[in-house]
*Asks:* 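Next up is a structure, given as structure tokens.
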Amino acid sequence: MSNTDFALAVEDLTVSFDGFKAIDNLTLYVDKNELRVIIGPNGAGKTTLLDLICGKTKASGGSIKFKNEELTRLDEHIRVRKGIGRKFQTPSIYENLSVFQNLEVSYPTGRSVVGALAFKCTDEVTARVQVVAEEIGLAEVLDKEAGLLSHGQKQWLEIGMLLMQDPELLMLDEPIAGMSARERELTAELLKRICKNRSVIVIEHDMEFVKQIAHKVTVMHQGKILAEGSMETVQADPKVIDVYLGH
């Protein structure tokens, strides 16, 4: 497979903070419509990797290509426009707006002049809200004030706000933290639905959850990739066992 076929191609990526290599010569390829889970102990560099891909942090060296276009010099907001969506650990929703309004305001008007004009024909926006609300399981509560949603529903709403922009790469940092068992199940189903037409990268600690959702698992350790493959493969890898059990 040539590198042009990947949704995301990260090559020899490095970032140093005060001489410490948080990401150390890392290479990672993510396929189109793939659901990749990144696991690893605290301090492995998982969140930093997402920061580099979305442009929150600038790389010291290496290459990040999205659909074969180099991103490393591009600002964060430009990367969003190119189709990269990122959800951080703490939900940032508008608590006092309804679910519908939260989704509506997330519709990308500013992509082009045409986009700005299209926003006036709100039928298009309303239709998009309906589609996304179904995907995230909130179609029944569109009129509800977002602040009144359960913790899990708030997380789904935030994923929905990103989906309104129809990103081709969606990155989620510990999406099930603090969720009930039922909410975790529903989140697993949601993630499987949304990776049908986009690539999704998830950072997660919960191994049972990882098993349910991952097409492929990447194990990070000290800013490098330690192992990669199916959950079964990486779980049986002596290097991975060593790092997790800390011999």
Side-chain angles (χ1 to χ4, degrees), residues 7 30-42 44 46-47 50 85-95 98-100 102-103 106 128-220 227-236 240 244:
V30 178
D31 288 328
K32 290 169 186 153
N33 305 341
E34 180 189 346
L35 203 165
R36 173 73 58 95
V37 181
I38 300 177
I39 65 172
N42 286 335
K46 303 183 298 294
T47 299
L50 299 197
R86 164 86 186 276
K87 179 184 169 336
F88 296 90
Q89 281 168 317
T90 41
S92 53
I93 57 172
Y94 302 103
E95 300 261 340
S98 69
V99 171
F100 184 92
N102 267 277
L103 293 172
S106 306
R128 181 86 194 126
V129 169
Q130 289 294 344
V131 168
V132 168
E134 289 290 339
E135 276 198 301
I136 58 173
L138 297 181
E140 308 299 310
V141 290
L142 280 172
D143 298 332
K144 196 171 187 172
E145 198 175 301
L148 303 174
L149 298 172
S150 74
H151 171 72
Q153 288 174 319
K154 284 180 183 175
Q155 299 285 353
W156 301 332
L157 176 56
E158 199 183 12
I159 292 172
M161 289 163 78
L162 289 169
L163 290 177
M164 284 298 292
Q165 298 162 25
D166 204 13
E168 290 174 70
L169 173 64
L170 186 59
M171 301 187 287
L172 309 172
D173 205 338
E174 296 188 38
I176 60 164
M179 283 191 186
S180 67
R182 180 67 187 134
E183 286 175 335
R184 286 168 179 229
E185 279 171 30
L186 291 168
T187 305
E189 288 165 24
L190 187 163
L191 294 180
K192 286 176 192 165
R193 276 199 301 279
I194 65 177
C195 74
K196 292 259 183 346
N197 52 355
R198 65 179 54 83
S199 308
V200 181
I201 299 176
V202 179
I203 292 176
E204 195 43 71
H205 285 294
D206 184 302
M207 295 303 169
E208 280 310 305
F209 184 74
V210 175
K211 248 182 215 154
Q212 280 176 40
I213 63 165
H215 296 169
K216 197 181 207 178
V217 179
T218 296
V219 187
M220 283 182 67
E228 206 164 63
S230 68
M231 189 64 184
E232 287 67 35
T233 314
V234 300
Q235 272 187 315
V240 176
Y244 271 102

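The structure displayed is predicted, hence computed values, not measured ones.
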*Asks:* How long is the gap from CD1 on Ile176 to CG on Leu190, to the nearest 0.5 Å?
*Replies:*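 Answer for the CD1-CG pair, Ile176 versus Leu190, is 12.5 Å.
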
*Asks:* So, Thr218 side chain and Glu228 main chain: donor-acceptor pair closer than 3.5 Å or not?
*Replies:*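 Looks like no, no N/O pair under 3.5 Å.
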
*Asks:* In the structure I gave you, are the side-chain heavy atoms of Leu191 and Leu172 within less than 4.5 Å of one another anywhere?
*Replies:*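 Yes - at least one pair of side-chain heavy atoms lies under 4.5 Å apart.
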
*Asks:* Side-chain contact test, heavy atoms from C-beta onward, threshold under 4.5 Å: evaluate it for Glu168 versus Lys32 and give yes or no.
*Replies:*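 They are not in contact (no side-chain heavy atoms under 4.5 Å apart), so the answer is no.
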
*Asks:* Before you tell me yes or no, could you show the steps for Gln235 and Val240 under side chain to side chain contact (heavy atoms under 4.5 Å, CB included), namely the whole-Å CA-CA distance, both residues' side-chain angles and the distance that decides it to 0.1 Å?
*Replies:* CA-CA 7 Å; Gln235 272 187 315; Val240 176; over 6 Å; no

*Asks:* Return the OG1 to CE distance between Thr47 and Met171, rounded to the nearest 0.5 Å.
*Replies:*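 Going from OG1 on Thr47 over to CE on Met171, the span is 11.0 Å.
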
*Asks:* Within the distance-only criterion (no hydrogens, no angle test), does the side chain of His151 pair as donor or acceptor with the backbone N or O of Ala177 below 3.5 angstrom?
*Replies:*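 Present.
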
*Asks:* Without placing hydrogens or testing angles, list every side-chain donor-acceptor pair under 3.5 Å for residues 207-214, not counting sequence neighbours.
*Replies:*
none

*Asks:* Has Glu204 got a side-chain atom pairing as donor or acceptor with Asp206's backbone, closer than 3.5 angstrom?
*Replies:*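 Such a contact is found between Glu204 side chain and Asp206 backbone.
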
*Asks:* Kindly compute the distance separating CD1 (Ile201) from SG (Cys195), expressed to the nearest 0.5 Å.
*Replies:*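 The CD1 atom of Ile201 sits 12.5 Å away from the SG atom of Cys195.
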
*Asks:* Working to the nearest 0.5 angstrom, can you tell me the gap between Gln153 CD and Ile93 CD1?
*Replies:*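 Between atom CD of Gln153 and atom CD1 of Ile93 there are 10.0 Å.
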
*Asks:* Do Ile159 and Leu170 have side-chain heavy atoms sitting under 4.5 Å apart?
*Replies:*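 In short, these two side chains touch, coming nearer than 4.5 Å.
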
*Asks:* Quick one: pull up CG in Asn33 and CD1 in Ile194 and give me the separation to the nearest 0.5 Å.
*Replies:*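 Those atoms lie 12.0 Å apart.
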
*Asks:* I need the full list of side-chain hydrogen bond (donor to acceptor under 3.5 Å, both in side chains) pairs touching residues 185-198, with sequence neighbours left out, sorted by first then second residue.
*Replies:*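 Residue pairs passing side-chain hydrogen bond (donor to acceptor under 3.5 Å, both in side chains), neighbours aside: Trp156-Thr187, Asp166-Arg198, Arg182-Glu185.
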
*Asks:* Apply side chain to side chain donor-acceptor pair (under 3.5 Å) to residues Gln165 and Ser106 and explain how you reach the verdict.
*Replies:* CA-CA 7 Å; Gln165 298 162 25; Ser106 306; 5.4 Å; no

*Asks:* Looking at every non-hydrogen atom in both residues, tell me the closest pair between Pro167 and Gly85 and how far apart they are.
*Replies:*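 That would be CB-N, 3.8 Å.
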
*Asks:* Please tell me if the side chains of Ser98 and Asp143 come closer than 4.5 Å, counting only heavy atoms from C-beta onward.
*Replies:*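 No; the side chains remain at least 4.5 Å from each other.
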
*Asks:* I need the minimum non-hydrogen distance between Asn102 and Ala146, along with the two atoms involved.
*Replies:*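 Heavy atoms only, the tightest pair is ND2-CB, 3.4 Å.
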
*Asks:* Answer yes or no: are there more than 12 heavy-atom neighbours, outside Tyr94 itself, under 6.0 Å from its atom OH?
*Replies:*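 No, the 6.0 Å shell around OH holds no more than 12 heavy atoms from other groups.
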
*Asks:* Measure from the side-chain N and O atoms of Arg36 to the backbone N and O of Asp31, and report whether any donor-acceptor pair falls under 3.5 Å.
*Replies:*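 Absent.
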
*Asks:* Do His205 and Asn42 have side chains that approach each other closer than 4.5 Å (heavy atoms only, starting at C-beta)?
*Replies:*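 Counting from C-beta outward, His205 and Asn42 do come under 4.5 Å.
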
*Asks:* Between Lys46 and Ile38 (side chain of the first, backbone of the second, donor and acceptor by atom type, cut-off under 3.5 Å), is there such a pair?
*Replies:*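 Such a contact is absent between Lys46 side chain and Ile38 backbone.
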
*Asks:* Just how far is it from atom CG of Leu163 to atom NZ of Lys87, taken to the nearest 0.5 Å?
*Replies:*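 Here the interatomic distance stands at 11.5 Å.
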
